[in-house]
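Side chains are part of it too, since the values below use all heavy atoms of this structure and drop only hydrogens, waters and symmetry mates. Counting starts at 1 for both ligands and their atoms, in listed order. Treat the numbers as computed from the prediction; the structure is a model and nothing was measured.
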Amino acid sequence: MSYLFEFSYHNPTQIVFGPNSFARLGDLVPSDTKVLLLYGGGSIKRNGVYDQVTEALAGRAVVEFAGVEPNPTLETLTAAVDLAKVQKIGFILGVGGGSVADGAKYVACAALYDGDGWDIVSGRFHPRQALPVGIVLTLPATGSESNVGAVVTRKSTLEKRVFYVPPARPRFAILNPEVMSSLPDRQLENGIVDAFVHVCEQYLTYPVGALVQDGYAEAVLTTLKTLADTFERRRETTWQQNLMWAANQALCGIVGVGVPQDWITHRIAVELTALWNIDHGRTLSIIQPALLRELIEPKRAKLEQMGSKVFGLDQPGAEATIAAIEAFYRSLRMPTHLREAGIVEADAADRVFAAVLAHGNAALGTHAGVDAATTERIIRAACS
Ligand code: NZQ
Ligand code: ZN
């Protein structure tokens with residue numbers, strides 16, 4: 001099948017990578033405005049990142065907001081928005097993982113919006129302006145530090161929504177792999193799998209002869225597989241810097257330019273976090289194998305290519321590739337079925353399907369012609 005590449009690619013986030021990157025904060029954060037330092041539950045206070053960041057910002061007017069939770073909620077972020085408005089904040093510095101980065105993007109937009117903040121999350125309002133954002137990344141996984149996506153949950157209605165806010169794309173992202181030393185294994189496992197599935201969502205569709213995009217996707221996937229195979233070296237600098245760069249490249253937009261993308265795994269998986277607060281990476285390893293088995297025909301050619309190029313299978317059948325993906329997740333102690341995440345409610349699949357339906361994500365079409373019945377079969381295979 002032929003395909004005409006047609007795209008516009010512009011990613012202006014400045015990446016400052018390396019062990020000395022914190023020293024650059026002083027130049028990157030404007031000195032003539034008040035800064036909101038946004039962070040999570042306190043890991044940065046325990047691992048020395050907070051001290052390094054505040055030292056680099058010495059002499060600046062800095063207001064802090066702590067407590068952005070994993071899978072950030074509208075309820076918590078609303079307090080940060082109120083603070084930003086009252087304090088007349090001019091720059092937002094998020095220090096943390098994807099949750100803090102997403103929270104920073106939301107606050108940057110909502111601080112300049114007088115309506116209900118949920119309008120931004122639900123896509124009813126598309127912000128044209130945002131306060132400038134910078135990110136100090138402490139957990140490589142989502143790629144949020146240099147993309148325009150964000151995910152926010154409204155706790156009161158159990159809704160977790162993905163939204164896109166180009167004006168809040170971070171101006172810069174500090175990627176210092178040394179911060180990874182304090183990460184628990186669970187977060188490293190989550191990060192590898194999240195980045196892996198990000199590439200899959202852009203690569204595992206159908207072949208369009210995109211040699212550069214395919215080759216780049218395969219390089220990132222192979223890197224992530226190698227990092228899983230060498231997990232015992234996770235405290236080494238080389239291992240850490242490779243994961244940090246791979247996770248960034250997986251979702252900075254470059255892998256997916258001009259090729260058909262899919263994102264069905266993410267569309268379903270967000271509901272598992274909304275319902276049971278399961279870590280994002282783990283929701284993906286639960287949904288994706290069932291999804292690939294259900295969509296094996298439309299994805300067969302790409303699965304075979306992946307089996308050969310990423311997993312080095314001698315006889316790369318699509319079934320063997322799915323088994324290899326599952327074994328890869330298991331090697332990282334990830335669940336590949338909902339019950340392995342401790343959820344054994346009899347109506348679990350019904351609840352997931354009802355949520356996917358309610359949020360308009362049951363019949364996504366895509367290259368695989370996914371209708372509501374297909375989505376229901378995927379959910380029942382992963383969650384019943
Ligand atoms: O809150 P603190 O105390 O900082 O602890 C965090 C949190 O408990 C901890 N942590 C982070 N860096 C650490 C550390 N602990 C020790 N040492 C460090 N250096 O890790 C825990 C998880 O952090 P979180 O930010 O929630 O993880 P992640 O980066 O995986 O982000 C997940 C969120 O991003 C969204 C997910 O849906 C989820 O809400 N996503 C965002 C995307 C985007 N914007 O492009 C795409 C993704 O597909 C994803 O949906
Ligand atoms: Zn993800």
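- Judged by distance alone, the side chains of Ser181 and Asn47 never bring a donor and an acceptor atom under 3.5 Å apart.
- Under the 3.5 Å distance criterion, with hydrogens and angles disregarded, a donor-acceptor pair is assigned to the side chains of His367 and Asp262.
- Taking a cut-off of under 4.0 Å to the non-hydrogen atoms of Thr138, the atoms of ligand 1 that pass are 11 (C), 12 (N), 13 (C), 18 (C), 19 (N).
- Donor-acceptor pairing under 3.5 Å is lacking for the side chains of Trp118 and Glu159.
- When the options Gly40, Ser43, Ser99 are ranked by their closest heavy atom to atom 4 (O) of ligand 1, first place goes to Ser43.
- When only modelled atom types and interatomic distance are considered, Glu218 and Tyr203 share a side-chain donor-acceptor pair under 3.5 Å.
- For ligand 1, one of its N or O atoms has an N or O atom of Val179 under 3.5 Å away.
- Close approach of ligand 1 to Val151 is summarised as follows: ligand atoms under 4.0 Å from at least one heavy atom of the residue are 35 (C), 37 (O), 40 (N), 41 (C), 50 (O).
- Shown in contact with Gln187 at under 4.0 Å from a heavy atom are these atoms of ligand 1, numbered in order with element: 20 (O), 21 (C), 22 (C).
- When hydrogens are left out, the protein atom nearest atom 38 (C) of ligand 1 is Asn71 OD1, 3.3 Å; that is the closest non-hydrogen contact.
- Only the side chain of Leu251 comes within contact range of ligand 1, with a heavy atom under 4.0 Å; no backbone atom does.
- Between the side chains of Asp102 and Ser99, no donor-acceptor pair is found at a separation under 3.5 Å.
- Counting the atoms of ligand 1 from 1 in the order shown, those under 4.0 Å from a heavy atom of His280 are 36 (C), 37 (O), 47 (C), 48 (O), 49 (C), 50 (O).
- Side-chain polar atoms of Arg233 and Thr230 form no donor-acceptor pair below 3.5 angstrom.
- Taking every heavy atom of His266 and a limit of under 4.0 angstrom, the matching atoms of ligand 1 come to 48 (O).
- Note that Arg333 lies in the cation-pi zone of Phe231, set by a 6.0 Å cut-off to the ring centre and a 45° limit from the axis.
- Rounding to the nearest 10°, we obtain 120° for the angle at the Zn ion (ligand 2) between Asp194 OD1 and His266 NE2.
- The side chain of Asp102, and not its backbone, has at least one atom closer than 4.0 Å to an atom of ligand 1 (non-hydrogen atoms only; side chain from C-beta on).
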